[in-house]
Asks: 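Can you keep this structure in mind? I'll have questions shortly.
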Amino acid sequence: MKVIIDYDTVMFEFKIECNDSTIQNSLKQTIKDNQGKRITDWVKEFIKKVKEETNNDPFAMKIIGCDLYEEQYIKELFNEINIEFEKTVDDKDIQDKYKAIDNFLEYAEKSKEDIVKNALRPNIENIKTHRSTIIEIPVIATMSSGKSTLLNALIGKDYLPEDTGATTATTCDIIVNNHLHNFIGKAIFDGKEEKNTNGNISEFLKDWNLKANENINDTNDEKKYPDLKLQIEGFIPNLNTSNFNLHFIDTPGPNSSQHSHHKEKTFSYLKDNQNLPIVLYVLDPEKMDSKDDDFTLDEISKVFKNNNKSIDRIVFVYNKIDREDIEEKSIKEILNKVESFLERKGIKNAKIFPISAQYAKFAQIENNLTNKKKSDLRNYRDNFIHNIDDNYKGYQLLEYAPLTNSQREQLRKTITNGELDSELVYSGLAALKLYLEDYIINHHKKTQYKELKTIANKVYKQIETSIQLEEERLEEITEGQKKEKEENQKKDIAILDKKKEEAIEDINKIKVDKNFIEQKSREFTMSFNDIKNKTFQREELSKNEAIKLIEETNEVIKNMQISIKTDLISEMNNQLHKYLENIKKITKDKFSLDANNIEINAFNAEMENSVNAININQLHKYQEEKVETITREIESKWWIKRKLNWKVTEEHKVSKTIIKIVDLYRDTLEPYSKTFTITLEDYKQNFIEKFCNIHDSFINRIETEFENTKNNIFEKYTSSMSEDKIHKVMKLKELKKF
């Protein structure tokens with residue numbers, strides 16, 4: 001027969017298959033009872049059950065998916081059974097899984113999506129609790145069982161009072177801080193804090209315990225130190241905290257009739273299923289047969305039954321083992337007696353550590369002991385340490401501590417480190433410390449992330465469900481909604497068509513002030529008349545004079561053309577700007593046109609074609625050669641001129657080129673004047689018509705813009721029904737990626 005256990009080392013979930021259907025059915029209840037427990041908690045009882053069902057016949061087992069610690073633990077526990085391990089998860093893979101959990105929760109905490117925020121909101125406090133790095137380790141016991149001595153042994157000091165009676169009147173929180181070289185003490189009350197200043201923490205705590213006892217007897221109104229808490233903080237040797245913040249808590253005894261509220265403090269730690277504190281319950285051999293432990297152990301039994309997480313975290317310390325006579329009873333018999341005692345209280349499979357806390361404490365503070373206590377320490381050494389010469393084995397507490405073989409081997413090696421390390425092993429304290437270290441890294445952290453993953457799965461499931469519901473909702477668009485959107489679409493398009501007609505008609509309402517053309521016409525006539533007057537002052541001009549006249553005339557023409565073009569374009573642009581402002585109001589800025597893009601080249605071209613300047617090269621048509629006789633006085637001798645008073649002259653002929661200005665005016669200047677005047681008159685009479693004809697393209701642009709806007713409205717309405725859906729579907733897809 002073969003049994004296969006498929007196990008999830010992060011979530012502690014598993015499936016079991018057996019090739020014997022009868023055995024498979026008989027194991028159903030066992031599987032159900034152990035779901036959510038770590039495999040190391042139930043594998044022993046499970047294999048015992050399988051052996052019973054098979055009448056101790058040989059069988060093989062395969063375990064899939066446990067971690068290295070679990071594999072080693074199971075191998076040591078069942079070396080006689082053929083157990084095959086498959087897909088064992090190493091520490092790196094586990095850390096990667098932890099990181100994935102942290103990443104998802106961090107994503108959820110930072111997300112701004114309502115679906116994620118709504119899924120996370122109910123779990124925020126739970127996440128905060130399970131992310132805490134504080135691990136509380138309350139030490140619980142009936143009065144005078146040695147819990148304060150145990151804590152002194154753990155810290156290697158003699159700070160906490162150990163007198164018989166109700167010495168611990170309030171909780172004392174011992175904070176492990178490996179960065180401090182010396183311990184410091186604090187008393188905290190009513191928002192105030194007092195530190196020990198003389199360095200004597202023992203006296204400091206005694207004084208404040210006395211004040212706490214007085215405080216208890218006062219009413220709430222009379223209390224001098226309300227909500228008093230004591231703290232000491234410092235370095236604890238040989239204890240690896242794995243970056244967690246360990247808080248050892250010396251709790252008041254729950255069986256104190258003097259301080260009934262102690263019971264509530266104690267049980268609050270037992271029932272804390274969120275922070276999962278490690279609980280050290282100290283058993284006193286001399287009180288086990290009394291009823292002092294009964295009430296507290298009954299409560300622990302209930303916790304064990306109701307919360308399977310407590311099996312590892314509640315540890316029983318069988319203190320004062322030095323008072324047991326191992327010559328009468330072996331350590332094994334003594335521990336069997338303790339197991340039976342706890343089972344009668346309903347506590348099974350308890351973790352029990354046999355310890356002599358007094359021996360461990362004395363070994364660490366040997367230099368400060370009195371002679372009497374040094375003598376006690378020698379007796380402890382004689383009793384606990386094996387003696388080869390006398391063939392004395394000693395107490396051998398390490399062999400009976402609930403550790404794995406590898407952990408025992410680790411502690412055996414520390415014995416060779418020095419006398420103190422060996423005495424901590426012999427006293428049983430080293431085994432307890434090692435268990436605490438192991439629990440922190442292999443149990444507490446695992447349980448912490450198991451809970452975080454449970455929360456992450458819950459949040460993820462809620463996100464997934466919300467996404468599914470949202471997708472279904474997005475599919476439920478009714479026909480009535482579609483029709484309503486279609487009607488709104490038609491109305492908007494009809495309104496836009498009407499606005500377009502108004503805009504097109506509005507172009508014909510443009511009013512142009514034509515006075516500027518008349519003014520230009522008068523300016524031209526005056527300029528041309530000046531030229532005409534200059535021309536008719538003489539009938540003939542020399543060629544140079546004619547060229548100068550033509551250049552002057554052309555300059556007048558050029559200036560007039562520029563002036564007219566500029567004014568025409570300026571006037572047209574002014575009107576178009578007014579039009580565009582108006583059309584924007586009509587369409588409520590559904591689209592815009594830029595007046596700077598108006599096509600003005602047509603105006604320029606028409607003006608250029610209407611009037612051409614006079615060409616100087618055509619002057620040869622109006623020129624002719626003319627011969628003139630010129631008489632000139634000749635310089636004579638002086639005496640002839642003075643005595644006779646004669647003037648002597650001579651004649652000679654001169655040929656020159658002249659321009660017939662009358663013909664030039666008739667053929668060129670006068671027609672030019674008439675043509676230019678007609679052109680101006682035509683613009684004056686038909687400006688609006690020319691404006692509209694020239695800018696048909698502008699009107700077409702308006703119509704195109706309206707059509708584009710109409711199409712945009714159509715697309716908007718046809719897609720608006722699914723636009724919200726598309727947007728949300730994209731969001732949902734993004735959420736699904738994680």
Side-chain angles (χ1 to χ4, degrees), residues 137-168 172 174 248-256 266 278-290 292-294 296-297 300 314-326 329-342 345 347 350-365 373 376-377 379-381 383-384 394-403 423-436:
I137 308 178
V139 181
I140 299 172
T142 58
M143 286 189 301
S144 304
S145 293
K147 55 183 172 57
S148 295
T149 304
L150 175 63
L151 280 168
N152 280 331
L154 283 167
I155 65 178
K157 303 291 182 181
D158 196 15
Y159 289 156
L160 301 175
E162 300 174 11
D163 298 335
T164 58
T167 56
T168 305
C172 182
I174 302 171
F248 288 94
I249 301 169
D250 184 17
T251 62
N255 62 328
S256 170
T266 300
I278 306 171
V279 175
L280 300 183
Y281 190 89
V282 183
L283 291 167
D284 186 341
E286 298 174 350
K287 296 182 180 180
M288 278 178 49
D289 292 331
S290 70
D292 286 349
D293 284 305
D294 286 357
T296 308
L297 292 176
I300 292 176
I314 298 181
V315 178
F316 293 89
V317 179
Y318 190 64
N319 192 23
K320 303 180 183 179
I321 190 72
D322 50 276
R323 300 189 183 183
E324 297 280 4
D325 188 350
I326 61 172
K329 287 183 183 179
S330 67
I331 296 295
K332 184 176 182 180
E333 290 175 317
I334 295 169
L335 293 179
N336 286 340
K337 181 189 70 172
V338 177
E339 285 181 4
S340 298
F341 169 74
L342 293 175
K345 303 299 180 183
I347 301 170
K351 303 258 186 309
I352 305 170
F353 283 85
I355 283 180
S356 173
Q358 194 72 276
Y359 174 25
K361 185 187 77 170
F362 281 175
Q364 294 177 90
I365 62 171
K373 290 180 179 179
D376 292 339
L377 176 58
N379 290 333
Y380 283 129
R381 287 168 177 164
N383 290 331
F384 279 80
Y395 276 73
Q396 295 184 335
L397 298 184
L398 178 59
E399 304 305 317
Y400 300 99
L403 300 175
E423 291 192 284
L424 294 179
V425 174
Y426 294 139
S427 67
L429 184 70
L432 179 61
K433 279 188 174 182
L434 185 59
Y435 180 85
L436 293 177

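Note that the numbering runs from 1 along the sequence shown for the chain. Predicted model only: the values in this text are computed from it and were never measured.
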Asks: Counting N and O atoms only, with roles assigned by atom type, does the side chain of Ser427 sit under 3.5 Å from a partner on the main chain of Glu423, one being a donor and the other an acceptor?
Replies: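 Indeed, once roles are kept as given, a pair shorter than 3.5 Å links the two residues.
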
Asks: In Å and rounded to the nearest 0.5 Å, what is the OH to NZ distance from Tyr435 to Lys351?
Replies: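 Rounded to the nearest 0.5 Å, the OH-NZ separation comes to 4.5 Å.
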
Asks: Any chance you could lay out the side chain to side chain contact (heavy atoms under 4.5 Å, CB included) test for Ile331 and Tyr395, step after step, and finish with the verdict?
Replies: CA-CA 7 Å; Ile331 296 295; Tyr395 276 73; 3.6 Å; yes

Asks: Which one of Leu297, Leu280, Val338 satisfies the side chain to side chain contact (heavy atoms under 4.5 Å, CB included) criterion with Phe316?
Replies: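 Considering Leu297, Leu280, Val338, a side chain to side chain contact (heavy atoms under 4.5 Å, CB included) with Phe316 is found only for Leu297.
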
Asks: Quick check against the 3.5 Å criterion: does Asp250 have a side-chain atom that pairs as donor or acceptor with the backbone of Lys147?
Replies: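 Not a single qualifying donor-acceptor pair exists.
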
Asks: With rounding to the nearest 0.5 angstrom, report the CG to CG distance, Asn383 to Asp322.
Replies: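 Answer for the CG-CG pair, Asn383 versus Asp322, is 8.0 Å.
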
Asks: List in chain and number order the residues that pass ring pair (Phe, Tyr, Trp, His ring centres under 6.0 Å) with Tyr159, two or more places apart in sequence or in another chain; answer none if no residue qualifies.
Replies: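 Listed in chain order: Phe183.
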
Asks: On a heavy-atom basis, which atom in Ala153 and which in Leu429 lie closest, and how many Å separate them?
Replies: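 That closest heavy-atom pairing would be O-CD2, 3.4 Å.
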
Asks: Can you list everything that forms a ring pair (Phe, Tyr, Trp, His ring centres under 6.0 Å) with Phe248? Sequence neighbours excluded, please.
Replies: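 For Phe248, no residue satisfies ring pair (Phe, Tyr, Trp, His ring centres under 6.0 Å) once neighbours in sequence are set aside.
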
Asks: Glu339: which residues meet the side-chain hydrogen bond (donor to acceptor under 3.5 Å, both in side chains) condition with it, sequence neighbours left out?
Replies: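 Partners of Glu339 by the side-chain hydrogen bond (donor to acceptor under 3.5 Å, both in side chains) criterion come out as none, since no residue qualifies.
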
Asks: May I have the step-by-step check of side chain to side chain contact (heavy atoms under 4.5 Å, CB included) for Leu342 and Ile352, ending in yes or no?
Replies: CA-CA 10 Å; Leu342 293 175; Ile352 305 170; 3.9 Å; yes

Asks: Hey, does Phe341 have a side-chain heavy atom less than 4.5 Å from the side chain of Lys345?
Replies: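 Side-chain contact under 4.5 Å: yes.
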
Asks: Given 3.5 Å as the limit, does a donor-acceptor pair link the side chain of Glu399 with the main chain of Gln396, or not?
Replies: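 It does not hold such a pair.
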
Asks: Atom CG in Leu283, atom OG in Ser145: separation rounded to 0.5 Å?
Replies: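 Separation between the atoms: 7.5 Å.
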
Asks: Listed by chain and number, what are the ring pair (Phe, Tyr, Trp, His ring centres under 6.0 Å) partners of Tyr359, not counting sequence neighbours?
Replies: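 Per chain and number, Tyr359 pairs via ring pair (Phe, Tyr, Trp, His ring centres under 6.0 Å) with Tyr380, Phe384.
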
Asks: Keeping the roles fixed (side chain from Asn152, backbone from Leu160), state whether a donor-acceptor pair exists under 3.5 Å.
Replies: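 At least one qualifying donor-acceptor pair exists.
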
Asks: Return the set of residues passing side-chain hydrogen bond (donor to acceptor under 3.5 Å, both in side chains) with Asn336 (not counting sequence neighbours), or none when no residue passes.
Replies: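 In terms of side-chain hydrogen bond (donor to acceptor under 3.5 Å, both in side chains), with neighbours along the sequence ignored, Asn336 is linked to no residue.
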
Asks: Calculate, to the nearest 0.5 Å, the distance between atoms CG and CZ belonging to Asp376 and Arg381 respectively.
Replies: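 Going from the CG atom of Asp376 to the CZ atom of Arg381 covers 11.5 Å.
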
Asks: Working to the nearest 0.5 angstrom, can you tell me the gap between Gln364 CD and Leu154 CG?
Replies: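 If I round to the nearest 0.5 Å, the distance is 8.5 Å.
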
Asks: Please step through side chain to side chain contact (heavy atoms under 4.5 Å, CB included) for the pair Ile137 and Ile249, ending with a clear verdict.
Replies: CA-CA 6 Å; Ile137 308 178; Ile249 301 169; over 6 Å; no

Asks: Is the NZ atom of Lys373 crowded by more than 12 outside heavy atoms at less than 6.0 Å?
Replies: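 No, not enclosed.
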
Asks: What is the minimum heavy-atom distance between Ala431 and Leu403, and which atoms define it?
Replies: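 Heavy-atom minimum between the residues: CB-CD1, 3.8 Å.
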
Asks: With the side chain counted from C-beta on, respond yes when Val139 and Val317 share a heavy-atom pair under 4.5 Å apart, and no when they do not.
Replies: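 The answer is no, as the side chains (C-beta and beyond) never meet within the 4.5 Å cut-off.
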
Asks: Minimum heavy-atom separation for Gly146 to Val282, with atom names?
Replies: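 So the two residues come closest at C-CG1, 4.4 Å.
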
Asks: Got a sec, which residues hit side-chain hydrogen bond (donor to acceptor under 3.5 Å, both in side chains) with Lys320, two or more places apart in sequence or on another chain?
Replies: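 Scan of Lys320 (side-chain hydrogen bond (donor to acceptor under 3.5 Å, both in side chains), adjacent residues dropped) gives Asp284.
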
Asks: Taking NZ, NE, NH1 and NH2 as the nitrogens, is one of them in Lys329 or Glu324 under 4.0 Å from a carboxylate oxygen of the other?
Replies: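 Here Lys329 does not pair with Glu324 in a salt bridge, since their nearest N and O are not under 4.0 Å apart.
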
Asks: With a 4.5 Å cut-off on side-chain heavy atoms, are Ile334 and Tyr318 touching?
Replies: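 In short, these two side chains touch, coming nearer than 4.5 Å.
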
Asks: Checking Leu432 against Ile355 for the side chain to side chain contact (heavy atoms under 4.5 Å, CB included) test, could you report, in this order, the C-alpha distance in whole Å, the side-chain angles of both residues, the deciding distance, and whether it holds?
Replies: CA-CA 8 Å; Leu432 179 61; Ile355 283 180; 3.6 Å; yes

Asks: With rounding to the nearest 0.5 Å, note down the distance linking OG1 in Thr251 to CG in Leu151.
Replies: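 So the gap between those two atoms works out to 8.5 Å.
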
